[in-house]
Amino acid sequence: MNKIRLILRWLFIPFWLVLFFVYLPIWYIQMSWYYFSFQDYWSAYLILWDRVMLFMRLKTK
């Protein structure tokens, strides 16, 4: 019985490694969406918009 357990452990090691590396990007995407804040992107967009307007001389400082 101990030999069978040992063989099964060695057979499942690649399975657990593959499962870990497959789940890692999924976890990363979930966490990045959880901490996503649209406000960060909105302020950056407004700064970019101001620079474009100044560049095209449609706005004065």
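Just so you know, these numbers come straight off a predicted model, no measurement behind them.
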Let's go through L19 and W16 carefully: what are the C-alpha distance in whole Å and the side-chain angles of both, what is the deciding distance for side-chain contact (heavy atoms from CB on, under 4.5 Å) to 0.1 Å, and is it a yes or a no?
CA-CA 5 Å; L19 191 66; W16 291 117; 3.5 Å; yes
Same cluster or not: are V18 and I13 linked, directly or through other Ile, Leu, Val, Met, Phe, Trp or Tyr residues, by side-chain heavy atoms under 4.5 angstrom apart?
no
Once rounded to the nearest 0.5 Å, what's the spacing between atom CG of L6 and atom CG of L11?
9.5 Å
Are more than 12 heavy atoms, taken from residues, nucleotides or ligands other than M31, located less than 6.0 Å from that residue's CE atom?
yes
Cluster overlap M53 with F55, hydrophobic side-chain contacts below 4.5 Å
yes
Are W49 and Y41 joined in one hydrophobic group, where the rule is that I, L, V, M, F, W and Y side chains link up if heavy atoms are under 4.5 Å apart?
yes
Answer with yes or no whether the hydrophobic clustering places F15 together with I7; edges join I, L, V, M, F, W, Y residues whose side-chain heavy atoms lie under 4.5 Å apart.
no
Cluster check I26, L17: I/L/V/M/F/W/Y, side chain < 4.5 angstrom:
no
